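Owing to the predicted nature of the structure, the values given are computational and were not obtained by experimental measurement. Counting from 1, the numbers follow the sequence of the chain as shown.
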Amino acid sequence: MADVLTLMEVGGPVAATVGGAAYLRAKHPAAYWSTVGLPVSTIRLLGTYGSVMDSCGLTVPPSRLRAWATRALTHREVRLVPPRRGLIRPTETGLRVRLRLAPGQEPADLAASAERLRHAWGVHAVYVEEVKPGVVELRLVGFDVLRKVRMPRKAAGGFLKVPVALREDATPFVRDYRTIPHQLTLGATLSGKSMFLRHLITGLARQPVALVGIDCKRGVELAPFAPRLSALATDPVQAAELLPALIGLMEDRYDLIKARQGIASDTPDEELTSDIWGLPESERPVPVVLFVDEVAELFLVATRKDEERRDEMVTQLIRLAQLGRAAGIYLEVCGQRFGAELGKGATMLRAQLTGRVCHRVNDEGSAKMALGDIEPEAVGAACAIAPDMPGLAVAGDTSGGWSRIRTPYLSLGDATAVCRDTAHLVPDLPALEPFRPDAPAVPSVPTPSLTKPVRVSD
């Protein structure tokens, strides 16, 4: 009886510990990783590194000198050696360790064994990144960072750079307009596309940038950010008037570049190779970012007159995508659906949009339109996004690289407050002044009275 009571006394704390660890792992994976997962995975890596590399086929014969020394000094059998391992560096989401590849090895060898390494060391994922020739870095992610997004504290931002989401390897996804000037962002209703757009607008609102919007849903998406917008069109008719103004602004900037560099004024814009960033800072015009929400609305027509207007608007969008980068004009084209059946110019416009972000879509055609020219595997990853994971997307560019990302939650009220607080940063652009939206007045909240009401007798 005493033995049973002793077991019960010992088993209680053990059960509580196990239960607490299971609760942390399910509800607070970051805390579980810091307290339990990190030390366990580190011990596994240190204790099984050589055997795991050998079972994955990542070991090579030692050098002749090392083999001779082993035979001469220890009289042991010469064994295959794994890549030389550096120090293990813990992070908030995993581990990092650098490996020096043996002669004859390449980073692709490690990348092919990433799934095996993940299971051997008990982590969520393993990623391989080349640091320099002969040296790679293994990034071990301890838990699913996309389940509950927490952006890194030191996200790499900067001018025309917005850390907008988190990659599946726990690194920030940064929208860099200088590197990728134009982007296509697709997503069905409730897929998180609007959240992605909010982060972009609030990130750019704090910078000396002109923000222009075309929202053919009567402005329900972009109108809340009106205090920070330099121009806003809420239907195709207004868009048909705004796009020529942007074309004229682009041409004026090309004339400025020509005058500064001594280029003949009759030189075609297509032959210019420089941009506004080569101008002195005192003469450099402010960058312009054009947000087009529901781009399909610009392609839809009902009458022949609408068709002529559609063709003109699409042509102007294509011109901005082809020539706008050098003039400091960048495009962020968003929509629920995008395909060749939209009409003439759809595929040509897509070809100019280097960046691609595809949230959950309702048809495979839209995923192929966004990611089909990047990697067929990326199309499958986009089609597999579950409805209960809003904000999850597949991001890539026309260079072929892609990854899964997820945008953290940002309420519309917080995003609107940022735009309202940065309204003084709206630049002076006379060409866009006729399209400047009216900022809605902030409703005043009545303050409670501190005076006790006096009861009036009859």
To the nearest 0.5 Å, atom CD1 of Ile201 lies from atom CG of Leu222 at 5.0 Å
Output for pair (Arg175 CZ, Leu200 CG), nearest 0.5 Å, gives 7.0 Å
Discussion item. Using side-chain heavy atoms (C-beta onward) and a distance below 4.5 Å, is Leu99 in contact with Leu138?
Written reply: yes
Taken to the nearest 0.5 Å, the spacing of Arg118 CZ from Tyr127 OH works out to 9.5 Å
Practice problem: Using a 4.5 Å cut-off on heavy atoms from C-beta on, say whether the side chain of Arg98 contacts that of Arg89. | Solution: yes
request  = Answer yes or no: are there more than 12 heavy-atom neighbours, outside Glu364 itself, under 6.0 Å from its atom CD?
outcome  = no
Exercise. Within the side chain of His182, is there an N or O that forms a donor-acceptor pair under 3.5 Å with the backbone of Ala321?
Worked result: yes
Are any of the side-chain heavy atoms of Leu410 and Thr202 separated by less than 4.5 Å? yes
Between the CH2 atom in Trp121 and the CG atom in Leu95, the distance rounded to the nearest 0.5 Å is 10.0 Å
Looking at Ser113 and Arg116, would you say the former's side chain and the latter's main chain have a donor-acceptor pair under 3.5 Å? no
Is a donor from one side chain sitting under 3.5 angstrom from an acceptor on the other, for Glu332 and Tyr177?
yes
Decide salt bridge (Lys or Arg N to Asp or Glu O under 4.0 Å) for Asp373 and Lys368; before the verdict, give the C-alpha distance in whole Å, the side-chain angles of both, and the deciding distance to 0.1 Å. CA-CA 8 Å; Asp373 56 344; Lys368 288 183 177 179; over 6 Å; no
Assess the side chains of Gln183 and Thr354: does a donor N or O sit below 3.5 Å from an acceptor N or O? no
inquiry  = Is it the case that the side chain of Arg406 and the backbone of Pro390 share a donor-acceptor pair, with hydrogens and angles ignored and the cut-off at 3.5 Å?
reply    = yes
* **cation_pi(Arg178, Trp277) dist<6.0 Å, angle<=45** => yes
Would Phe225 and Leu412 satisfy side-chain contact (heavy atoms from CB on, under 4.5 Å), going step by step from the backbone distance to the final call?
CA-CA 9 Å; Phe225 315 120; Leu412 181 60; 4.0 Å; yes
* Any Gln316 side-chain heavy atom under 4.5 Å of Pro244 side chain -> yes
Taken to the nearest 0.5 Å, the spacing of Ile318 CD1 from Gln322 CD works out to 7.0 Å
- prompt: Relative to Tyr330, does Arg325 satisfy both conditions: NZ or CZ under 6.0 angstrom from the six-membered ring centre, and within 45 degrees of the ring's axis?
  reply: no
key: Short side-chain to backbone donor-acceptor contact, Arg228 and Cys419, under 3.5 Å   = no
| message | Does Arg337 form a side-chain hydrogen bond (donor to acceptor under 3.5 Å, both in side chains) with Ser366? I'd like the steps, not just the answer. | response | CA-CA 6 Å; Arg337 176 77 176 91; Ser366 294; 2.9 Å; yes
- Does a donor on one side chain and an acceptor on the other come within less than 3.5 Å for Arg206 and Thr422? no
Start with the C-alpha gap between Glu297 and Lys217, add the side-chain angles, then the distance that decides, and say whether salt bridge (Lys or Arg N to Asp or Glu O under 4.0 Å) holds. CA-CA 8 Å; Glu297 288 293 324; Lys217 292 194 304 184; over 6 Å; no
Practice problem: Say whether, by atom type as modelled, one donor and one acceptor occur between the side chain of Glu251 and the main chain of Leu246 under 3.5 angstrom. | Solution: no
| Expected output: side-chain Arg356 to main-chain Leu184 donor-acceptor under 3.5 Å | no
Decide yes or no for Arg100 and Pro83: does some side-chain heavy atom of the first lie under 4.5 Å from some side-chain heavy atom of the second? no
Task: 4.5 Å side-chain heavy-atom contact, Thr407 and Met151 - done: no
### Query
How are the rings of Phe173 and Phe196 set relative to one another: parallel (under 30°), tilted (30 to 60°) or perpendicular (over 60°)?
tilted
dist Leu349:CG -> Leu298:CG (nearest 0.5 Å) comes out at 9.5 Å
*asked:* With a 3.5 Å distance limit and no angle check, can you tell me whether Asp311 reaches the backbone of Glu308 through a side-chain donor-acceptor pair?
replied: no
Arg167 and Ser403 side chains, donor-acceptor separation under 3.5 Å: yes
Looking at Glu377, I'd like to know if its CD atom is crowded, meaning that more than 12 non-hydrogen atoms belonging to other residues, nucleotides or ligands lie closer than 6.0 Å. no
Residue pair Val212 / Leu242, side-chain heavy-atom distance below 4.5 Å | yes
- Close side-chain approach of Ser41 and Leu140, heavy atoms under 4.5 Å: no
Original post:
Would a distance-only check, ignoring hydrogens and angles, find a side-chain to backbone donor-acceptor pair under 3.5 Å from Glu375 to Gly401?
Top reply: no
Criterion side-chain contact (heavy atoms from CB on, under 4.5 Å) on Leu186 and Arg360, from CA distance to verdict:
CA-CA 8 Å; Leu186 298 181; Arg360 178 179 56 83; over 6 Å; no
Report yes or no: does Gln105 contribute a side-chain atom to a donor-acceptor pair with the main-chain N or O of Leu58 at less than 3.5 Å? yes
